[in-house]
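Both counts, for ligands and for their atoms, begin at 1 and track the order of listing. Predicted model, so just to flag it, every value in this text is computed and none were measured.
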Amino acid sequence: MYQAKHLGKNQLALYGSSMRGHSIRQLTLESDLQKALQRQEFQLLYQPILTLDSRQTVGVEALIRWDHPTRGLVAPADFIPVAEDTGLIVPIGWWVIETACEQLRCWSEHYHPLSMSLNISSRQFLEHDFVARVEEVIRRQQIQPHQLKLEITEGVAMHNPQIIARKFEQIQALGVRLMMDDFGTGYSSLNYLKSFSIDTLKIDRSFIDAMLQENGIEIIRTIINLAHNLNMDVVAEGVEHEDQAQRLVELGCEYGQGYLFAKPMDADRLKATVLDPKTGSLPAL
Ligand code: C2E
Ligand code: MG
Ligand code: MG
Ligand code: MG
């Protein structure tokens, strides 16, 4: 009895101190994140999205990294959640949109048109002036709206569905495309498709990973057919092996993204390996 109590107390103490450690780390991260924007410590990497049959790059997805002064390159999983909790994701998200559109305009002047996919946090998406500001960036950067694709996860749909549906319509009216990211991982993926108009569905990497396991192929086939029946394109995320790419082609999946084709890379490397007409050719969108 005494032992149990004693143990319980110790555990509580341990838990308490680790929680304190956690919140101190959280606070440091928060203030570092605040400075990171002013000091321009964020950067964007670009990962090609290709046609699976002919392996032509049709677009890229911009993926943020934080070049931290002492910690080195920090992955989004290690700071996006804190940025979301604190609201810093909104200014960070605008930096991403601005930077990616500027890059897109620069590439469009010299190369075949690409599309640019951007991950949009629901917090930023829900800002009342989100659509107007996107429109303003498109106009200022002089990019073709259809080159821009916004990747939204179903977390967005947890909010007032009428407001969300209206925002989706307004974005599509600009000519900007909407992609549903990480399809199949949330609680309400099907409900989401029923209520909202989406142009492209991205099959989450976990399904591609599990492709060769029991029922793996059937689930992917069903997702692809569902998307096509609803007039959506499909991108398979996280394609790492040639046999996965082959099976996806057989199943009618148009586009793929993954380490098999290319890892996320900086703009210079993308230019040298993918965009330069001497080393790579790009089809029209
Ligand atoms: P996501 O949008 O689903 O992005 C795909 C993630 O899978 C990226 O991780 C990418 O590097 C990784 N990936 C691509 N191909 C492969 C592959 O073949 N194998 C494996 N194992 N991984 C692959 P990353 O860059 O670490 O980004 C993680 C997540 O962070 C993203 O998932 C997205 O949800 C979020 N994120 C990234 N950039 C931004 C951003 O600018 N804004 C916001 N709000 N979120 C972002
Ligand atoms: Mg994404
Ligand atoms: Mg994804
Ligand atoms: Mg993901």
**OP:** Say whether Ile64, considering both its backbone and side-chain N or O atoms, lies within less than 3.5 Å of an N or O atom on ligand 1.
**Re:** yes
Subject >> Heavy-atom nearest option to atom 30 (O) of ligand 1, drawn from Ala75, Ala100, Pro76 >> reply: Pro76
**OP:** Output the list of atoms in ligand 1 that are nearer than 4.0 Å to some heavy atom of Pro264, sorted by atom number.
**Re:** 11 (O)
Subject >> Under 2.8 Å: N/O/S of Ser117 next to the Mg ion (ligand 2) >> reply: no
Original post:
Atoms of ligand 1 less than 4.0 Å from Val96 heavy atoms?
Top reply: 41 (O)
Subject >> Which segment of Glu61 sits under 4.0 Å of ligand 1 when only heavy atoms are counted >> reply: side chain
Original post:
Looking at the rings of Phe42 and Phe79, which for Trp means the six-membered one, are their centres under 6.0 Å apart?
Top reply: yes
Original post:
Is there a nitrogen or oxygen of Asn119 sitting under 3.5 Å from a nitrogen or oxygen of ligand 1?
Top reply: yes
**OP:** Answer side chain, backbone, both or neither: which part of Asp182 comes under 4.0 Å from ligand 1, heavy atoms only.
**Re:** side chain
Original post:
Has Glu61 got an N, O or S atom lying less than 2.8 Å from the Mg ion (ligand 2)?
Top reply: yes
Original post:
In this structure, which one of Ile97, Leu44, Ile152, Leu63 forms a side chain to side chain contact (heavy atoms under 4.5 Å, CB included) with Leu118?
Top reply: Ile97
Original post:
Just wondering, do Trp107 and Leu114 contact through their side chains at under 4.5 Å, heavy atoms?
Top reply: yes
Original post:
Which of the atoms of ligand 1 are close to Glu240, meaning less than 4.0 Å from one of its heavy atoms?
Top reply: 17 (C), 18 (O), 19 (N), 20 (C), 21 (N)
Original post:
Among the N, O or S atoms that Glu237 has, which is closest to the Mg ion (ligand 3)?
Top reply: OE2
Original post:
Would Asp182 count as a contact for the Mg ion (ligand 2), in the sense that one of its N, O or S atoms lies under 2.8 Å from it?
Top reply: no
Original post:
Heavy atom under 4.0 Å from ligand 1: found in Ile92's side chain, backbone, both, or neither?
Top reply: neither
Original post:
Within 45° of the six-membered ring axis of Phe125 and under 6.0 Å from that ring's centre, is NZ or CZ of Lys167 located there?
Top reply: yes
Original post:
Counting only heavy atoms not in Glu109, do more than 12 fall under 6.0 Å of its CD?
Top reply: yes
Original post:
Given Arg65, Gln47, Met179, which one has a non-hydrogen atom that is nearest to atom 25 (O) of ligand 1?
Top reply: Arg65
**OP:** Any chance you could lay out the side chain to side chain donor-acceptor pair (under 3.5 Å) test for Glu135 and Gln170, step after step, and finish with the verdict?
**Re:** CA-CA 10 Å; Glu135 186 176 16; Gln170 289 171 333; over 6 Å; no
Original post:
When you draw lines from the Mg ion (ligand 2) to OD2 of Asp181 and to OE1 of Glu151, what angle lies between them, to the nearest 10°?
Top reply: 90°
